[in-house]
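Each remark here refers to the structure printed beneath this line.
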Amino acid sequence: MPVIHDIPALILGITVNTYWLCVVIMSIRVRRRAGGMSRVWMPEQRREQLMWAIWIPTLAAWMHLPFAAAIEPIGTDALSGVPDIADAHPLLIAMRWAGAVVAVVGLALSVVCWRHMGAAWRMGVDSDSSRLIDDGPFAWARHPIYALGSLIMVCSVIILPAPAMLVVATIHITLLNLKARNEERFLRQRFGESYESYCRNTGRFIPRFRKPRPSPDRNHANGPQNTGLQSQPAVRSDSAHEMNIFQRVMLMWEEVQPYNAAHAVRIKGPADAGKLREAIQQACRARGIGEVTIDQANRSLAWSAVGDIDIETASVDPENRDNVHRVLTDGLNLRFADTPCRPFRWWIMEEEGLDAHEIVLWYRHVVADGRSIEQFLGDVLRRYSGSAIASNDEPPTSCRTGHADWRAEKGGRFRGFLRLARLTRLMRSNAFSFPEKKSSDGGVHVVIRSAPEGLATDLACRCKARGIGITDAFLAAIGAAILETPAYRASRESAPHFALGTVVTDRSDRSNGCNGLGVRLHNLVVMLKRPNLGFDKMLDEIAAQTSWYKRHPEAIQTVSTIRVRWAKHVWPVLGIRNERASYRRYFPICAGLSTVRIDPSRFGSAASAITRYTRAAPTGPTTSVVVSPTIFGDRLEFSITAMNACLEPAESRALLEGVIESLSAFVEEEHSVPAGVGLR
C-alpha cells in the first residue's frame, strides 16, 4: 500500500477528482432532457470541439498529479512532485494548507451552483436551452462555476508548485477564459444589447461590489450552461421600468400563492357600468397603462396601450354583507394571467332596493401599492362622477428607473444589521405563529367590519395625547386580540412572544412611480416579548420600537432590504425552497398590519357620495393574518385577510372584533400623556 508523504496534495487530489465526479453525476442527471450523453459532452460548435481535444488530456493530468505527488517523498521529482522549498518554511506550509481548505470550499460552492442550475446545466453552448437563470450565484458573476474552477486550479499551484502543474494550470485557465468569451459571443448574438447591459453590470468571474447602473432593458443569461429563451417577450428600454427589490420578492411570493389586493368603494346613487368603463379608459390613457409585461430576467416591467375594459356586474343584498366578503375573497384567490396581462379587475355591484352601488378594484400588487391605487382610483371616480380633472393632476407617462440606495449611510447599515440580527434571534426562539392545518386548500378569506362612528377621530386624538402613532395603537390592538385566540392560549407557555409586521411607505423614493403607479414600501417588524402584561404595556413596547425606527429611518430600509435579499439571492444558494413552510420557518411573523389614510380631496365631488371605503391586503407566505384599517375622512373601515390553513372565517371575525374592542377601550381611557408625533 502506498505511503502518503504529503497531506495537502492528497486533499487536493480528492477535491479535484470529486469535482469531476460531480460533473459526471450532473451529466447523468440532465442526459434525458439534453437528448442523451453525447449532447451533454459533445459541444455543438467546432471551436469548442477543438478546445475539448486539448482540454481532456489536461484535465486527466490535473486529476493524476496531486495523487502522484502525495505518495512520492518531497523533493524526489523535480518535474511533477512537491519541491523541497514547499516544505522548508512555516509560511509556505501554512499557504499550502490554506490552499487545501480553499479548494474544498471552492468544490462546495461549485456543488451549490450546479444544484441551483438543476436540469438547465450543460457542458457547452446549447442552442436548445429554454431557461434563463439570473438569481443565486449567477446574480453575482456571469460565470461563477468557471470562476470557482479557476480558484481551485490556483490552489492546486499553491499546493503543488511543480512545473507540470504550472503547465496544466496555464492551459486550463486559458481555455476557461476562451470558453467564457466564446459563450458570451454566442449570447450577444442571441440577446444583443440587453446582454451587453448585463455584462456591464455583472463581472465575468469576480463580483462587482458596487451598485450597478440602471439598465431596464436587460435580457441576460449567465453563460451557456444556463442559456435559454425568455418565457415572455423582452421589453425595450423606451417602455421598461426597473422593478425594485420589494417588487422582485413579490414575484417570488406569487409563485407560492396569489399576491393580489383590493379596494372597494360604496357610492350613493345608481350604478352605471358604461360610464365607469369610459372613466377607467380615460384614466388609463392619461397614465399610459393597459396591459403589463413582467420580464423577470430583466427585472423590469412595461406597459402597453389600454384596450377594452372588462367590468363584471352583479347585484347584492344590502342586508347581507357576506356577499361583499365573498367577492373580495374570490378576487384575492384568483391568479392573474401570465404576462402580458391586465393587472386590474373591476366589479360593479348594484344594491337591490337601495340607491347605492359598490365598485371593487382588484390589482396585482407587484405593479402598485395602496397609495398609488388610491390616486388611480380617485382619478377614475372623479371622471365617473363628472368632476373636473386639473391639468396638474395628470401623472407623468414615464419614470426614472432604479430604486433608492439602501446603503446610503454606513451608520444606518450597521444599526440595521444589528436590529435584524436581534429580531431574527427573537423570532426563531419559540415565537408564536398560528398553526397551519394540513387539510387546507391554501387560499385566503376576507372579513370586513365598520368601526363605530367617531372611532377614527377619537383614536387620532388619543394617540396624539399619548405621544404615539396611530400605527402603534393598531399593532397593540392586534396583539391584544391575538392573546384571546384559542391557538395562542394553547401555546403561550411554549411560545409566549410573537412578531407583528407592517409596511412603511418610503415617501423619499420617487424612482418607481411607473406611470403613476409603482411600489414604494419597506417592512417594519416589532417583537412583543411580554404581551401578557396587558394592552398598555404592549403599546409602550411597540411605541419604543417604532420610536427607534423614527430616529433611524435609514434602518427601516436596511432591515427590509436585507430580509428580501436573503430570500431572493441566498435561499437559492442554500437550496431552500420558495414555499410557505420556508417563510414560516425563517420569517415567523404572527400577523401583519396595512394602514392607509385616504385623502377625500382626491375624489372630487365623488367624495361626498362615498359611504364606505374598504381595502383587502394580501397575506403573503410570511404572514398568516393581515388587518387592514382604512381611514376615509372621519370614517374607519376594517378588513382582515387570513389563510384558510390558519383561521376559519368565524375565528377571523372574532379576531377583528377583538381589535375593534381594544381600540374602543383605549380611546375611552381618561388619562393622557404629553403630545408627540406618530409614525405615520
Side-chain angles (χ1 to χ4, degrees), residues 1-28 41 48 50-115 123-124 141 143-180 205-206 225:
M1 183 176 179
V3 178
I4 304 299
H5 291 90
D6 190 72
I7 300 300
L10 176 64
I11 295 174
L12 175 64
I14 295 173
T15 301
V16 172
N17 281 267
T18 303
Y19 180 98
W20 290 105
L21 176 62
C22 291
V23 171
V24 173
I25 293 173
M26 287 294 298
S27 303
I28 296 173
W41 282 93
E48 288 203 346
L50 295 174
M51 291 171 59
W52 274 108
I54 303 172
W55 221 328
I56 290 177
T58 302
L59 298 179
W62 188 20
M63 298 169 65
H64 168 73
L65 286 173
F67 283 129
I71 62 177
E72 292 179 358
I74 294 177
T76 58
D77 190 338
L79 181 63
S80 61
V82 179
D84 289 329
I85 191 174
D87 197 43
H89 195 280
L91 179 60
L92 296 178
I93 296 174
M95 288 178 59
R96 297 183 70 230
W97 277 99
V101 172
V102 173
V104 172
V105 172
L107 169 63
L109 293 177
S110 298
V111 172
V112 170
C113 293
W114 290 324
R115 182 177 178 181
M123 288 290 291
H143 305 280
I145 296 176
Y146 294 170
L148 292 168
S150 299
L151 177 64
I152 296 174
M153 180 56 79
V154 171
C155 293
S156 301
V157 174
I158 294 174
I159 297 169
L160 183 54
M165 184 58 76
L166 288 172
V167 172
V168 168
T170 301
I171 297 174
H172 178 69
I173 294 176
T174 300
L175 290 175
L176 273 181
N177 275 274
L178 292 174
K179 193 171 191 305
F205 299 123
I206 301 175
Q225 298 185 38

Can you give me the closest heavy-atom contact between [X] and [Y], atom names plus distance?
X: Ala103; Y: Thr15; value: O-CG2, 3.5 Å
X: Ser150; Y: Leu176; value: OG-CD1, 3.2 Å
X: Ala69; Y: Gly81; value: CB-CA, 4.3 Å
X: Ser80; Y: Leu160; value: O-CD1, 3.7 Å
X: Ile14; Y: Thr18; value: O-OG1, 2.6 Å
X: Ile54; Y: Leu175; value: CG2-CD1, 4.1 Å

Rounded distance [0.5 Å steps], [atom1] in [X] versus [atom2] in [Y]:
X: Thr174; Y: Trp55; atom1: OG1; atom2: CH2; result: 10.0 Å
X: Ile7; Y: Trp97; atom1: CD1; atom2: CH2; result: 6.0 Å
X: Ile173; Y: Leu151; atom1: CD1; atom2: CG; result: 9.5 Å
X: Ile152; Y: Leu109; atom1: CD1; atom2: CG; result: 9.0 Å
X: Met26; Y: Ser110; atom1: CE; atom2: OG; result: 11.5 Å

Yes or no on side-chain contact (heavy atoms from CB on, under 4.5 Å) for Leu59 and His172, after CA distance, side-chain angles and deciding distance? CA-CA 8 Å; Leu59 298 179; His172 178 69; 3.8 Å; yes
State, yes or no, whether a side-chain contact exists between [X] and [Y] at a heavy-atom distance under 4.5 Å.
X: Val168; Y: Met153; result: yes
X: Ile159; Y: Pro66; result: no
X: Leu92; Y: Met95; result: yes
X: Arg96; Y: Asp6; result: yes

For a side-chain contact (heavy atoms from CB on, under 4.5 Å) check, start with the C-alpha distance between Phe67 and Asn17, then their side-chain angles and the critical distance, and finish with the verdict. CA-CA 10 Å; Phe67 283 129; Asn17 281 267; 3.0 Å; yes
Using the side chain to side chain donor-acceptor pair (under 3.5 Å) criterion, which residues pair with Ser156? Sequence neighbours excluded. Trp62
Take Phe205 and Asn177 through the test side-chain contact (heavy atoms from CB on, under 4.5 Å) and record every step on the way to the result. CA-CA 10 Å; Phe205 299 123; Asn177 275 274; 3.4 Å; yes
